[in-house]
Amino acid sequence: MEPKYDFAAIEKRWQQTWQNSGIYNVTELSNKPKYYMLEMFPYPSGKLHMGHVRNYSIGDVLARYYKMNGFNVLHPMGWDAFGLPAENAAIKHGVHPDPWTRENITAMREQLKTMGISYDWQREVGSCLPEYYHWTQWLFLQLYKMGLAYKKKAAVNWCSSCGTVLANEQVIEGHCERCHTQVEKKYLEQWFLKITAYAQRLLDDLSKLPGWPDKVKIMQENWIGRSEGAHIEFSTEAGDALPVFTTRHDTVYGVTYMVLAPEHPLVAKLTHGTEFEETVRIFVDKVTKLSAIERTSAALEKEGMFIGAYAINPVNRHRIPIWITNYVLYEYGTGAVMGVPGHDQRDFDFAKKYGHKIVPVVAAPGWDGSDLTEAYEGYEGKAINSPLIEGLNTPQAKERMADYLEEQGLGRRVINYRLRDWLISRQRYWGAPIPIVYCEKCGAQPVPEEELPVLLPTDVEFNPQGESPLKTSASFAKAICPLCGGPAKREMDTMDTFVCSSWYFLRFCDPKNENQPFSRNKTDYWMPVDQYVGGVEHAILHLMYARFFTKALFDADLLSCDEPFTNLLTQGMVLKDGAKMSKSLGNVVSPEDIITCYGADTARLFILFAAPPERDLEWNDTAVEGCYRFLNRVWRLVWQIKARKDLDVPVSEFVEADIELRRAAHSAVKKITEDISSRFNFNTAISAIMELVNTMYAYTALPLTKGALLAEATKLLLLCLAPFAPHIAEELWSELGNKQSIHMQPWPVFDPSALAQHTVEIAIQVNGKIKARLLIPATADAAIIQKLVLEHEDYEVWLNGKTAAKVIVIPGRLVNIVVKS
RNA sequence: GCGGGAGUGGCGGAAUGGCAGACGCACCAGCCUUAGGAGCUGGCGGGAAACCGUGGGGGUUCGAGUCCCUUCUCCCGCACCA
């Protein structure tokens, strides 16, 4: 009788053993090829959730698989530890964010360790630790030196009742989440990173990433939002420049009005002292008070107002009225749009509502010249009512018009991006301080590198009354100007946590370096990350910022690669009852409970078995039990085999059952290898392991079984199981008398000769409908198969009186007899 | 609206254009057991059968869950980008 499968003891013991022997710790000193396996590091909320379990289980299968395949695998873990929840906890419970975060890290590290993931814990990093944010600040200074960090005014969400800036997450339907006051916009000087300088490269280099899902690349492409068009230099009647951006410069003769964003500086200037001033001001106030979410909602009724001024169309000198509206974005293009109601549906609707003329300037194919009932936005038409480009088709008309604008100095071709510069200032405490000081005489000055890190002060107040907690520190603000030595004030803003997470994968290469963020030869060795795994929710921001950082550091000659992640796997969500697990829905399943109840191996196995990684996964408690039962089944099987006395007895004669057992074992190895390496189909890999176990049980039940064959099958079984359920595989491996860890073994190679079959079953079809199945020799070629079928005693029955016109033979699969009807 | 993905048994899901439903869950029957929320064996899309079955309708093909067109539903992302 075998011992009970005591997963708790087994898992704890092996986790300890692995840790003590350091089998997952790596260095650059290796003759193996490197493999950098990375999962997105978590925010240390203090509690592991199922999304983490899924993310890290997927990563661990791959890390262990590549390790067994002879790679020097870097598989690190750390903490994305700055951010709002720590500060909220400080306000709510009066605990300082620093110990709060450190305690969470400790708790989560312990939970993570119970999962038995093959991390090199010696490389652990935490973005909130001075030894880490020292280098976040240093990198900021490099970007500053490169002209990629700059300051300008930008809007923040402001709660006048709390007297504080709110993050977007703290704004609920336009109101402060804490006191429900309507949130206002306030303009503050803030730091930006010039990611737009990299827009084109970020776009172009997506083509260098065949290992990324198309979905993510398309999302990034749309986010960058490149569009080609022209600037056209309209002006006001009074002579102010009023340029517009358009992608349809071929329709410039159809402009019948001009619309400006409410924030456009000309609005105040043009209405100043006129009868329109007051009503326009009220309109502008109303629109600009809306939050970004309300402002850009499609449900928002399009409204506008004439501001009493006129613009001149530079191409035909027509005088057109200038309006303001709530749908023109000040941040995009020039904040002014030429209204062409004939060929833009929004303009058409606006013109209908406010009575602007509609002048068609592109004749759609088949258009009879009657009044338009909607805008024609297509590119198939010919220009009309447009003297310079009359009769040209749209692409030609655009070219001709662009040439004309450039020749006459009335405009030029431009490329516009939707991508905006990255606002990194946070009016918050729990982030990396921005290493800048302000001198009355010398202005903004970077903190000298040797003075880094600029440490977060501890003498701060956390209450929602007033401004950033940093401003309550008595000591923090005081600084000395590095240029003139005079008194200076520190920057009070901290950095967006996305800055910290934009380079952590570089720090993992050299986590203990006290003189640099990372050494060049270490990143040269490890980078780029070979496989990155994480939630698709990071498809845009995190991945875009990390790519931007990598490119900027490449340009600064600090890195040799300009893309950080070669392959990307985006995992689906973990659902319960069809919805994302969340506290508010009360459908959260705690990983801790599952691990306590069934063990980490069961938890890992279930989460990998229930769905392929990219898809959403429906949690199912009884299916978890099924995985637990399966591991018990493996446990009993191996113990049963271990008890045999004939494991070393050589096999001289193979009967059919023996051959089938070997085929099952070797074909399982083949399938599992393919499923892991080329498709990430861990669910089908696991089902192949289950099938092998079923076959092995069936074999052991037969008379005259051979121990040596079972020993071979067991070895292959455990090796294949090792990446998925590492503890039980290790335990059974050691029970079989192996001295070295199973995780140090080479990945098994299947024996092609074991896959050979004597006979195969083929299907007999008539016009694609199955009529029979036939067992035939595997060696039979198409001609022999056809002969066998045509001469088969049931041949006439299959044809049912019809005549065969053609016979299709697919050896090993089927024969399809085509008959006339 | 635009972009992406997905629709297959009671459920999760399998199927390089070639035998639909692997594997597992649930369920049913039997065995074993003092007992079973353990283990073992078998069954398990519909239909009496012929046959019919992969959201609906067309098409390509000897052959379609898979490819093409069209349509519906759901999920995700972006959402007035001039």
Side-chain angles (χ1 to χ4, degrees), chain A residues 213-223 225-227 229 244-249 251 259 261 293 295-300 302 325-329 331-340 343-347 349-350 416-420 536-537 539-540 570 572-573 575 578 605-606 609-612 614-627 629-630 632-633 636 671 674 681 683-694 697-698 701 761-774 804-810 812-819:
Chain A
D214 289 339
K215 173 175 64 170
V216 172
K217 287 190 278 189
I218 289 166
M219 279 162 82
Q220 293 218 346
E221 200 179 308
N222 293 340
W223 190 258
R226 178 192 153 105
S227 64
V244 299
F245 172 73
T246 178
T247 55
R248 290 301 299 270
H249 34 286
T251 64
V259 273
I293 296 147
R295 176 84 181 269
T296 56
S297 157
L300 191 70
K302 288 177 183 51
T325 76
N326 57 359
Y327 72 86
V328 172
L329 305 172
E331 301 80 23
Y332 185 78
T334 63
V337 176
M338 61 183 211
V340 186
H343 306 287
D344 180 286
Q345 191 56 40
R346 235 175 356 197
D347 294 350
D349 296 340
F350 194 76
N416 233 305
Y417 301 91
R418 298 164 76 145
L419 185 69
R420 309 286 156 73
V536 73
E537 65 272 20
I540 296 177
T570 52
M573 286 188 299
L575 310 176
L605 198 71
F606 167 75
F609 178 59
E614 303 234 45
R615 266 206 248 176
D616 287 349
L617 180 154
E618 176 69 29
W619 186 266
N620 179 333
D621 290 318
T622 55
V624 175
E625 279 190 46
C627 288
R629 284 204 298 268
F630 169 71
N632 271 287
R633 210 164 132 76
R636 289 192 306 270
K671 174 155 178 61
E674 287 166 359
N681 276 13
N683 56 333
T684 51
I686 292 168
S687 69
I689 297 174
M690 290 172 168
E691 283 180 276
L692 174 58
V693 169
N694 291 344
Y697 262 104
E761 192 184 66
I762 62 164
I764 309 300
Q765 300 180 335
V766 174
N767 282 357
K769 303 271 179 243
I770 301 287
K771 294 294 169 189
R773 294 172 221 283
L774 231 56
K806 195 172 166 188
V807 180
I808 312 270
V809 181
I810 311 293
R813 292 203 181 267
L814 55 74
V815 173
N816 190 14
I817 305 161
V818 185
V819 299

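Worth saying up front: this structure is predicted, and the values here are computed from it rather than measured. Letters A, B, ... mirror the listed sequences (proteins, then strands); counts begin at 1.
Taking atom P in both B:rG1 and B:rC11, the straight-line distance is 30 Å, to the nearest Å. Comparing the P positions of B:rG3 and B:rG21 gives a spacing of 37 Å, expressed to the nearest Å. When the C1' atom is used for both B:rG10 and B:rG5, the distance is 25 Å, rounded to whole Å. The gap from the P atom of B:rG13 to that of B:rG30 amounts to 33 Å, rounded to the nearest Å. To the nearest whole angstrom, the two C1' atoms, one in B:rA15 and one in B:rC23, are 12 Å apart. Nucleotides B:rG7 and B:rG63 place their C1' atoms 24 Å apart, quoted to the nearest Å. Nucleotides B:rC62 and B:rC40 place their C1' atoms 46 Å apart, quoted to the nearest Å. Taking atom C1' on both nucleotides, B:rA26 is separated from B:rC32 by 23 Å, rounded to a whole Å.
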Summary of protein contacts for nucleotides 6-15 of chain B, nucleotide by nucleotide, where a base hit scores B, a sugar-phosphate-only hit scores S (4.0 Å, heavy atoms): ------BSSS
Summary of protein contacts for nucleotides 40-52 of chain B, nucleotide by nucleotide, where a base hit scores B, a sugar-phosphate-only hit scores S (4.0 Å, heavy atoms): S----------S-
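Using a 4.0 Å heavy-atom criterion, one finds that A:Glu537 contacts no nucleic acid atom at all. If you check every strand for non-hydrogen atoms under 4.0 Å, A:Glu331 touches nothing. Contact annotation for A:Val818: backbone-only contact, meaning every heavy-atom pair under 4.0 Å involves sugar-phosphate atoms and none involves a base. Heavy atoms of A:Gly626 sit under 4.0 angstrom from primed sugar atoms or phosphate atoms, though from no base atom. A:Ile770 comes within 4.0 angstrom of sugar-phosphate atoms only, judged by non-hydrogen atoms across all strands, and of no base. Backbone-only engagement by A:Ser227 is indicated by non-hydrogen atom pairs under 4.0 Å involving sugar-phosphate atoms exclusively.
Distances from the side chain of A:Ser687 to the nucleotides B:rA22, B:rC62, B:rG77 place B:rA22 closest. For A:Ile540, taking side-chain heavy atoms from C-beta onward, the closest of the listed nucleotides B:rG18, B:rG77, B:rA82 is B:rG77. When distances run from any side-chain atom of A:Ile218 to the nucleotides B:rG24, B:rG3, B:rC80, the shortest one goes to B:rG3.
The partner of B:rC40, taking Watson-Crick or G-U wobble pairs whose two distances both stay under 3.5 Å, is B:rG30. Taking a pair to require two hydrogen-bonding distances under 3.5 Å in either a Watson-Crick or a G-U wobble arrangement, B:rC51 pairs with B:rG46. With a cut-off of 3.5 Å on both Watson-Crick or G-U wobble distances, the partner of B:rC2 is given as B:rG77.
At least one test fails for A:Arg346 against the ring of A:Tyr327: distance under 6.0 Å to the centre or angle within 45° of the axis.
The CG-P distance, from A:Leu692 to B:rA22, rounds to 18 Å in whole Å. Rounded to an integer number of Å, the gap from CG of A:Asn767 to P of B:rA64 is 10 Å. In this structure, A:Arg629 atom CZ and B:rC23 atom C1' are separated by 14 Å, rounded to whole Å. Between the CD1 atom of A:Ile762 and the C1' atom of B:rC62 there is a distance of 15 Å, given to the nearest Å. Distance A:Arg346 CZ to B:rA82 P: 8 Å, rounded to the nearest Å.
When the nearest nucleotides of RNA chain B are assigned to A:Ala763 and A:Met219 by heavy-atom distance, the more 5′-ward of the two goes with A:Ala763.
At a cut-off of 3.5 angstrom, counting only N and O atoms as typed in the model, there is no donor on one side facing an acceptor on the other between the side-chain of A:Lys215 and the base of B:rC76.
The shortest distance between the side-chain N/O atoms of A:Asn694 and the OP1/OP2 oxygens of B:rG24 is below 4.0 Å. Side-chain nitrogen and oxygen atoms of A:Arg418 include none within less than 4.0 Å of the OP1 or OP2 phosphate oxygen of B:rA82. Phosphate proximity of B:rC81 to A:Arg420: absent, as no side-chain N or O sits under 4.0 Å from OP1 or OP2.
Shown here are the side chain to side chain donor-acceptor pair (under 3.5 Å) partners of A:Arg813, two or more places apart in sequence or in another chain: there are none.
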